[in-house]
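Report on the structure given below.
Note on naming: letters A, B, ... go to the chains in the order of the sequence lines (proteins, then strands), and numbering restarts at 1 for each one. Note that these values count all heavy atoms, side chains included, but never hydrogens, waters or copies made by symmetry.
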Amino acid sequence: MPALMMQPDLSNVVVSGPVRTAALTAWQQQGWPGPRVESWRFTKLDRLAAREITPASSLSTATAGDGLAMAAGMGAHAIQIVNGVIDPASLEGLPAGVTAGNLSDDQGAQDAMMALAPPNHPVSNLSMAVMSGGLVLDVVGEVARPLMLIFEGDDASLSAHPVVLIRLAPAARMVMAEWHQSAVALSAPLIGLDLAAKASLDFVKIQSEGSTTSHLAATGVSLAGEARLTGFSLSVGGEMARLETHVTMAGEGADCQLSAIYLGRGRQHHDITTVLNHDIGHCTSDQVIRGVLDDRARGVYQGKVRVAEDAQKTDGQQMSRALLLSRKAEVDAKPELEIYADDVVCAHGATVGELDATQLFYLTSRGIPEAKARAMLIEAFLIDAIDSVEIDNLAQILRETATRWMAQTGLTTDGNQHG
Amino acid sequence: MAATTQTIEQVEQATGKYKYGFVTEIESDKAPKGLNEDTIRFISAKKDEPEWMLEWRLKAYARWLTMTSPDWAKLDIPPIDYQDSYYYAAPKQAEKLASLDEVDPELLATYEKLGIPLNEQKRLANVAVDAVFDSVSVATTFREELSKVGVIFCPISEAIRDYPELVKKYMGSVIPVGDNYFAALNSAVFTDGSFVYIPKGVRCPMELSTYFRINEQNTGQFERTLIIAEDESYVSYLEGCTAPQRDENQLHAAVVELVAMQDAEIKYSTVQNWYPGDENGKGGIYNFVTKRGVCRGARSKISWTQVETGSAITWKYPSCVLQGEESVGEFYSVALTNNYQQADTGTKMIHIGAGSRSTIISKGISAGKSQNCYRGLVQMQPTAENARNFTQCDSLLVGDRCGAHTVPYIVSRNPSAKIEHEATTSRISEDQLFYCLQRGIEEEAAVSLIVNGFCKEVMKELPMEFAVEAQKLIGISLEGSVG
């Protein structure tokens with residue numbers, strides 16, 4: 001039995017309240033999962049676990065990266081979370097229909113959070129236990145102005161554990177973004193999205209952490225009857241990132257679109273893990289995943305669609321495609337169907353390969369230089385997925401981030417020498 | 001469509017009783033119950049094995065003791081008491097038999113009921129059979145004819161004595177003793193199985209076949225098969241299994257190793273019809289099998305075709321290690337579960353050689369209260385330049401109390417390698433069912449017809465006589481799943 005991987009060291013920590021105490025106990029018993037844990041077989045945490053880190057608990061000066069500019073660009077209200085601690089000043093002047101509460105002393109909200117959180121997950125337990133900052137946002141009606149949560153922090157000896165629970169009342173509507181740009185050692189946000197009947201949420205997450213940051217996110221979602229979530233994640237930063245999202249379809253007619261793009265270079269490791277629980281019938285889910293990997297980067301997609309007994313008339317679709325640009329890059333995929341009802345339509349597809357040689361030939365034969373042709377094909381591969389985002393300003397920040405990554409990787413569709 | 005008509009008849013005739021659930025009353029010679037070093041020494045002594053073989057077994061046993069039973073499969077396996085089983089059971093007989101006439105008639109009658117072409121008269125069927133009755137190969141036919149072209153086809157216990165160099169060289173080279181829990185167990189206690197050696201340039205003149213059968217109560221069947229195809233050779237091997245009806249659960253942990261050299265081809269077909277347990281999930285075989293082939297030479301090919309309808313629990317992943325350049329791996333599978341059966345089966349395609357190709361076609365059918373899971377790995381190593389894989393996994397649900405699961409693992413470490421994977425899950429189309437019903441075909445027959453259509457891509461890969469049997473089995477196995 002190998003020693004448990006336990007960083008941060010919480011052996012002398014005492015937390016308040018039964019929910020956080022239970023989470024702490026669960027963490028103490030398990031630590032970080034080792035490579036023999038099936039759901040972590042592609043993502044090893046030993047490097048992270050070897051790093052000495054201290055959970056952050058106090059606000060430092062906000063570093064104000066690109067997030068603020070992005071928020072301004074999309075006319076969003078920005079809530080700043082620094083080292084995982086909520087900046088109270090940024091909670092002033094929230095858009096009409098949104099009210100903020102403190103999660104760290106709200107037992108009911110903590111219970112609700114743990115009910116949503118990915119079960120038995122190290123981040124669910126650890127971040128609930130040590131919670132750098134806790135926020136509850138209650139949303140009613142149609143919120144006119146988008147909301148952006150900006151996660152920052154610059155102390156590489158710290159781990160950030162923000163816990164944010166967002167509850168949409170029946171028929172509430174909101175557009176929101178998560179922007180992650182910190183330089184802490186570990187960024188471990190625990191996010192809960194609880195959508196009541198007919199609520200609707202358009203949601204984008206940009207993971208653009210610093211190059212030595214590990215980003216381990218746990219997101220739990222519950223959709224009541226006819227609720228709709230359209231989520232899109234873009235994982236581009238960090239040294240190692242895992243974006244894990246668990247969705248439960250709790251009411252008939254719920255619809256969940258959950259797409260993601262991961263872009264890796266250097267020795268980056270990106271992991272997109274999703275679990276879609278169709279607990280009830282007549283719901284639809286659709287996932288589109290795209291990955292581009294250069295240098296020695298590694299990309300992982302694990303997607304599970306689970307259809308419970310009697311969840312008839314379920315439609316669950318998954319499509320993951322990955323492009324390898326370098327000989328040393330690696331992609332691992334595990335799309336999974338677990339089905340206990342018979343009247344369902346579920347499918348998944350997965351492809352891995354390099355750029356299509358015939359497409360490349362087509363473009364070069366028309367006088368487009370090869371480098372540009374490659375960039376065009378990669379851009380098309382990504383834009384195709386981003387185009388499914390209906391909210392313009394959300395699509396815009398995705399497109400900008402993707403284009404910026406391409407430029408940094410030396411893939412540019414500009415500089416047209418030949419026509 | 002004679003076979004389809006036959007299937008319908010078969011379904012109509014079927015009474016829901018397991019056709020092969022009879023017990024042959026033959027006195028048998030057993031090892032003492034339980035598993036320890038002495039059991040292994042007993043087996044080795046019974047088999048009159050050389051010292052090196054015993055050492056190999058003991059090494060495997062020591063390894064097994066340090067291992068734990070795998071728990072990653074989507075299976076609910078009750079704890080197995082390895083001390084509550086016999087590891088060796090042989091039909092008692094006075095001496096070696098010179099011809100088939102000397103074989104216990106009761107034994108022959110058993111095979112007759114199973115419909116195995118063992119008799120001399122059945123020579124016309126052109127099938128050589130190495131029949132494994134519990135632990136000992138009782139008779140081998142066609143040996144002479146095969147030996148004319150240099151093909152060795154004999155029980156593995158004989159091969160250990162007669163061809164020790166070949167056995168030493170290849171046994172455990174594809175599946176090492178410590179590969180997994182069940183393979184280690186098999187390596188320690190295997191009692192018999194087949195050995196096939198096809199020399200260079202030889203196309204085996206007939207299809208080789210082994211019919212496995214578990215007869216004795218409380219015995220595990222641990223057979224071990226090793227097939228070696230030298231350069232430019234070809235062999236097609238058929239394996240079929242049945243077991244009598246019993247209330248206890250019996251363990252079957254086989255190991256099959258295939259080695260294909262340059263330009264060689266091995267086609268391995270299985271129809272697995274071990275006793276699945278009754279409609280309440282009582283009894284049935286635990287089928288925990290490790291099968292792996294290695295395409296060692298350039299342009300070599302290994303093709304696995306399996307029709308799995310039996311066993312209470314199946315844990316089986318016939319795999320290909322595609323080492324040779326432009327080597328080819330294929331996996332065609334039909335897995336059907338009914339009542340309380342559980343199956344977790346699939347394949348692994350490990351691409352190492354440049355230009356290697358693999359195809360996976362898997363058809364899972366779940367009925368009753370069964371759970372059926374496809375689990376497969378496609379891995380492209382950095383050396384697998386321009387390798388290709390195509391995978392298609394389709395699941396069909398018959399009834400609303402069963403489960404169909406798909407768990408593919410895809411690992412690519414070479415950008416020029418191409419992997420395509422598709423999976424779908426659905427139930428029997430109501431349109432198709434309606435069409436059959438309104439033409440007067442009964443519901444059960446219609447379901448069998450539709451399911452056979454769903455499996456057609458795999459069935460066509462089976463040798464003729466096997467395909468017919470497999471179609472019938474699917475009809476019989478679905479019995480009681482509708483209505």
Side-chain angles (χ1 to χ4, degrees), chain A residues 36-39 41-42 281 291 293-294 296 298-312 314-357, chain B residues 68 70-74 364 366-367 369-383 385-430:
Chain A
R36 296 198 72 105
V37 176
E38 173 68 19
S39 58
R41 61 180 293 151
F42 294 128
L293 298 168
D294 202 357
R296 304 174 76 95
R298 187 167 172 200
V300 176
Y301 168 61
Q302 303 188 100
K304 182 187 220 174
V305 174
R306 185 178 184 281
V307 180
E309 250 181 46
D310 297 322
Q312 305 294 7
T314 291
D315 185 336
Q317 306 289 329
Q318 256 180 1
M319 182 68 208
S320 74
R321 293 174 62 191
L323 267 183
L324 295 176
L325 303 181
S326 134
R327 296 204 53 89
K328 301 279 183 198
E330 172 175 340
V331 69
D332 307 304
K334 187 185 165 202
E336 195 175 340
L337 295 172
E338 188 177 336
I339 294 167
Y340 300 93
D342 66 331
D343 192 5
V344 301
V345 184
C346 288
H348 65 221
T351 66
V352 181
E354 56 188 350
L355 283 173
D356 187 328
Chain B
T68 50
D71 59 358
W72 38 260
K74 214 178 275 300
S366 331
K369 297 190 167 86
S370 68
Q371 300 296 328
N372 196 332
C373 179
Y374 167 84
R375 187 182 299 275
L377 167 70
V378 175
Q379 184 163 333
M380 299 291 181
Q381 291 297 90
T383 46
E385 207 63 29
N386 293 316
R388 312 264 326 205
N389 162 265
F390 175 75
T391 302
Q392 191 179 338
C393 298
D394 296 320
S395 301
L396 193 65
L397 292 141
V398 184
D400 62 359
R401 282 292 168 268
C402 47
H405 318 300
T406 314
V407 192
Y409 297 72
I410 297 166
V411 175
S412 181
R413 300 186 175 129
N414 186 308
S416 66
K418 232 180 184 153
I419 303 176
E420 289 171 283
H421 173 98
E422 287 174 19
T424 62
T425 304
S426 54
R427 69 167 170 179
I428 285 192
S429 148
E430 281 183 11

Is a side-chain N or O of R327(A) found less than 3.5 angstrom from the main chain of P382(B), in a donor-acceptor match? yes

Side-chain donor-acceptor pair present, Q392(B), D394(B), cut-off under 3.5 Å: yes

Answer yes when R306(A) and E336(A) have at least one side-chain N-carboxylate O distance shorter than 4.0 Å, and no when they do not. no

Heavy-atom side-chain proximity of [X] to [Y] below 4.5 angstrom:
X: V378(B); Y: V411(B); value: no
X: V407(B); Y: C373(B); value: yes
X: L396(B); Y: R427(B); value: no

Which residue out of [options] racks up the most heavy-atom pairs below 4.5 Å with chain B?
options: P335(A), A347(A), A322(A), A357(A); result: P335(A)
options: G316(A), A329(A), A333(A); result: A333(A)
options: R321(A), E354(A), M319(A); result: E354(A)
options: L325(A), D310(A), V300(A); result: D310(A)
options: L293(A), T351(A), V344(A), V331(A); result: V331(A)

If you tally heavy-atom pairs under 4.5 Å against chain A, which of [options] wins?
options: P408(B), G403(B), S395(B), S426(B); value: P408(B)
options: K418(B), E420(B), R413(B); value: R413(B)
options: S416(B), A417(B), C402(B); value: S416(B)

With a 4.5 angstrom heavy-atom cut-off, is it the side chain or the backbone of [X] that approaches chain B, or both, or neither?
X: A350(A); result: both
X: E38(A); result: side chain
X: S326(A); result: backbone
X: R36(A); result: neither
X: Q317(A); result: neither
X: Y301(A); result: neither

Tell me whether the centres of the aromatic rings in H405(B) and Y340(A) are closer together than 6.0 Å. yes

Apply side-chain hydrogen bond (donor to acceptor under 3.5 Å, both in side chains) to S370(B) and N372(B), showing your working. CA-CA 7 Å; S370(B) 68; N372(B) 196 332; over 6 Å; no

Out of the candidates T314(A), V305(A), L337(A), D342(A), only one should pair with T425(B) under the side-chain contact (heavy atoms from CB on, under 4.5 Å) rule; please name it. L337(A)

Would you check, one step at a time, whether the test side-chain hydrogen bond (donor to acceptor under 3.5 Å, both in side chains) holds for E385(B) with N414(B)? CA-CA 7 Å; E385(B) 207 63 29; N414(B) 186 308; 3.1 Å; yes

Quick one: what part of Q371(B) sits under 4.5 Å from any heavy atom of chain A, side chain, backbone, both or neither? side chain

